[in-house]
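Okay, structure first, notes after.
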Amino acid sequence: MKLRHTAFGLAALAMSMGSGAALAQEEIIFGISASPGSLQEQTASEFARRANEKLGDKAVVKVFDSSQLGKDKDMLQKVKLGTMHLTLPSSTMPEIAPEYAIFDLPFLVKDRDHLARIDETLFKEVLVPAAEAQGYRPLAIWENGFRQITNNAKPITTPADLDGLKIRTPNSSWRVAMFSEYGANPTPMSFSEVFVALQTGVIDGQENPLTNIVGGKLNEVQKYLSMSGHVYSPAYPTVGIATFEKLDPEVQAVLAETAQEVAIWAREQGAAQDGTLLEELKAGGMEVNDTDRAAFVAASAPLYEKFASEVENGQAMIDQALSLADGS
């Protein structure tokens with residue numbers, strides 16, 4: 001044992017004398033809940049690839065997917081405490097700052113061009129400061145995607161078709177409120193638990209972007225895919241401010257700059273993949289139908305009222321977001 005410790009000590013000394021760059025390299029730990037193959041995982045990997053090219057020997061970004069480092073809320077706590085550096089929350093952000101529930105308003109985001117205009121204004125001017133007040137800093141808006149409904153009971157055409165169905169939602173009080181308005185029995189659950197819950201019949205269905213449905217192989221345990229597009233769901237590469245600001249300023253700059261670059265890449269990938277993913281799900285045996293958008297829009301009105309009354313400056317945020325729909 002003594003010899004082993006001595007050998008280790010000599011090796012460490014040699015490294016410190018002859019390989020200072022290796023010792024100086026900081027590991028940037030990036031934990032996400034998304035599965036391999038999903039757009040969130042692809043985007044996190046693209047971010048790591050680009051950032052690592054720029055960082056050289058200064059630091060290396062390492063991505064841990066599939067909730068290896070905990071569920072979304074756990075990872076948010078870890079970036080704040082400093083036990084990891086980056087995470088990628090999506091629907092859980094309103095639990096950090098209620099302003100983020102603007103993206104839980106159904107049919108608010110018209111398309112990805114509309115989202116880009118919201119990114120340049122409302123996100124940077126209102127949403128980032130709201131998170132910073134809680135000790136977090138989102139570096140960009142990445143894509144999660146337009147959410148669709150799947151289940152094993154029947155095609156969903158109107159909200160009435162959801163009556164009584166157990167629909168998994170993220171751990172978001174706003175998404176629970178949405179599906180309650182639609183008549184479903186919303187069941188909050190981490191994404192990592194969804195496949196087994198569907199397989200065993202604990203829940204009847206769920207709602208997610210196509211990329212997550214494919215990435216999570218949910219087509220293997222779901223029969224019906226109803227193209228509701230009820231919410232555009234962003235994902236936010238997020239750091240804990242205190243931990244982030246301890247990093248080398250050059251590393252901070254690379255991470256922030258690369259997160260913005262990859263936001264554009266993610267939207268382009270999302271648009272390019274939509275059709276392919278849908279065909280893949282059809283080929284995998286899912287029955288696909290369109291929904292009655294007008295019926296869902298009408299059923300969503302109470303959610304807009306809730307946001308306007310419960311979130312500070314909520315109506316002004318709604319008005320600003322809607323005014324950007326056509327580029328005006």
Side-chain angles (χ1 to χ4, degrees), residues 27-55 59-76 78-79 84-93 103 112 115 138-148 150 168 170-172 189-198 206-222 231-239 255 258-281 284:
E27 288 191 351
I28 307 298
I29 305 302
F30 189 0
I32 66 174
S33 60
S35 306
S38 66
L39 183 57
Q40 287 185 76
E41 184 274 331
Q42 293 175 49
T43 309
S45 296
E46 178 68 10
F47 168 81
R49 185 188 69 78
R50 294 189 186 202
N52 288 338
E53 284 183 355
K54 298 175 187 177
L55 289 168
V60 58
V61 178
K62 295 187 175 181
V63 178
F64 296 84
D65 58 39
S66 304
S67 298
Q68 293 179 61
L69 302 184
K71 298 174 182 177
D72 283 327
K73 287 187 177 182
D74 299 327
M75 290 190 285
L76 278 166
K78 287 178 179 180
V79 298
M84 54 185 280
H85 299 88
L86 269 160
T87 188
L88 191 60
S90 180
S91 300
T92 56
M93 279 301 282
F103 289 113
R112 291 178 175 89
L115 188 279
L139 301 180
I141 293 183
W142 290 355
E143 170 142 334
N144 193 352
F146 287 95
R147 302 180 83 91
Q148 321 295 345
T150 71
R168 177 268 176 180
N171 290 297
S172 161
M189 184 182 297
S190 295
F191 185 74
S192 58
E193 301 170 7
V194 171
F195 184 93
V196 172
L198 291 168
Q206 60 84 53
E207 48 90 48
N208 251 299
L210 296 179
T211 180
N212 292 349
I213 296 170
V214 171
K217 303 185 187 302
L218 303 188
N219 56 295
E220 296 179 6
V221 287
Q222 292 278 265
V231 162
Y232 178 89
S233 187
Y236 312 91
T238 299
V239 299
L255 297 178
T258 307
Q260 288 289 326
E261 287 176 7
V262 173
I264 298 169
W265 181 90
R267 288 197 291 271
E268 291 172 347
Q269 289 296 308
Q273 292 178 16
D274 278 349
T276 304
L277 292 170
L278 183 58
E279 290 307 312
E280 185 174 340
L281 292 169

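With contacts defined as side-chain heavy-atom distances shorter than 4.5 Å, the pair T92/Y236 does not qualify. Between I28 and V60, the closest side-chain pair of non-hydrogen atoms is not below 4.5 Å. For the pair I29/K78, no side-chain contact is recorded, criterion being any heavy-atom separation below 4.5 Å from C-beta on. The shortest distance between side-chain heavy atoms of H85 and V239 does not fall below 4.5 Å. Looking at L139 and L86, their side chains come closer than 4.5 Å, going by heavy atoms from C-beta outward. Put simply, the side chain of P138 reaches to within 4.5 Å of the side chain of M93, judged on heavy atoms. Inter-residue side-chain proximity for F191 and D72 is flagged as unmet; no heavy-atom pair is nearer than 4.5 Å. Side-chain contact between S45 and Q42: absent, with no pair of heavy atoms (C-beta onward) separated by less than 4.5 Å.
Residues T238 and T87 bring no donor and acceptor atom of their side chains to less than 3.5 Å of each other. In summary, the side chains of T276 and E280 do not present any donor paired with an acceptor at a separation below 3.5 Å, with no hydrogens or angles considered. For the 3.5 Å distance criterion, the side chains of Q40 and N144 qualify, holding a donor opposite an acceptor. Side chains of K71 and S33: a donor-acceptor N/O pair is absent below 3.5 angstrom, by distance only.
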**Prompt:** Under the side-chain contact (heavy atoms from CB on, under 4.5 Å) criterion, do E220 and F195 qualify, and how do the steps go?
**Reply:** CA-CA 9 Å; E220 296 179 6; F195 184 93; 3.8 Å; yes
**Request:** Decide yes or no on salt bridge (Lys or Arg N to Asp or Glu O under 4.0 Å) for R112 and E143, but give the supporting numbers first.
**Result:** CA-CA 9 Å; R112 291 178 175 89; E143 170 142 334; 2.7 Å; yes
**Request:** Evaluate the side-chain contact (heavy atoms from CB on, under 4.5 Å) criterion for residues I264 and E268: first the C-alpha distance (whole Å), next the side-chain angles of each, then the deciding distance (0.1 Å), finally the verdict.
**Result:** CA-CA 6 Å; I264 298 169; E268 291 172 347; 3.7 Å; yes
**Request:** Give the C-alpha distance, both sets of side-chain angles, the deciding distance and a yes or no for side-chain contact (heavy atoms from CB on, under 4.5 Å) between E261 and F47.
**Result:** CA-CA 9 Å; E261 287 176 7; F47 168 81; over 6 Å; no
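In this structure, the side-chain hydrogen bond (donor to acceptor under 3.5 Å, both in side chains) partners of Q269, at least two apart in sequence or on a different chain, are Q273. Considering only residues two or more places apart in sequence or on other chains, E207 meets the salt bridge (Lys or Arg N to Asp or Glu O under 4.0 Å) condition with R147, R175.
The backbone N or O of S67 lies less than 3.5 Å from no partner atom in the side chain of S192, so there is not a single donor-acceptor pair.
Taking all atoms of both residues into account, the shortest heavy-atom contact from A48 to V63 is CB-CG2, 3.8 Å. What you find for A259 and W142 is that their closest heavy atoms are O-NE1, 2.9 Å. For R168 against N208, the heavy-atom pair with the smallest separation is NH1-ND2, 3.4 Å. Taking all atoms of both residues into account, the shortest heavy-atom contact from G37 to T211 is O-OG1, 4.2 Å. Heavy-atom minimum distance, A44 versus F30: CB-CE2, 3.8 Å. Between V61 and L55, the shortest heavy-atom contact is CG2-CD1, 4.1 Å.
A salt bridge links R49 with E46; the closest basic N to acidic carboxylate O contact falls under 4.0 Å.
Counting heavy atoms of neighbouring residues, nucleotides and ligands inside a 6.0 Å radius, atom NZ of K62 does not exceed 12 of them.
N171 CG to S91 OG: the interatomic distance, rounded to the nearest 0.5 Å, is 9.5 Å. The CG atom of L198 lies 11.0 Å from the CG atom of N219; values are rounded to the nearest 0.5 Å. Atom CG of L39 and atom CG of N212 lie 8.5 Å apart (nearest 0.5 Å). R267 contributes atom CZ, which lies 11.0 Å from atom OG1 of T43 (distance to the nearest 0.5 angstrom). Taking OG from S35 and NZ from K217, the interatomic distance works out to 9.0 Å, rounded to the nearest 0.5 Å. Between atom CD of residue Q148 and atom CG of residue D274 there is a gap of 8.0 Å, rounded to the nearest 0.5 Å.
Note: F146 and Y232 have perpendicular aromatic rings, judged against thresholds of 30 and 60 degrees for the angle between ring planes.
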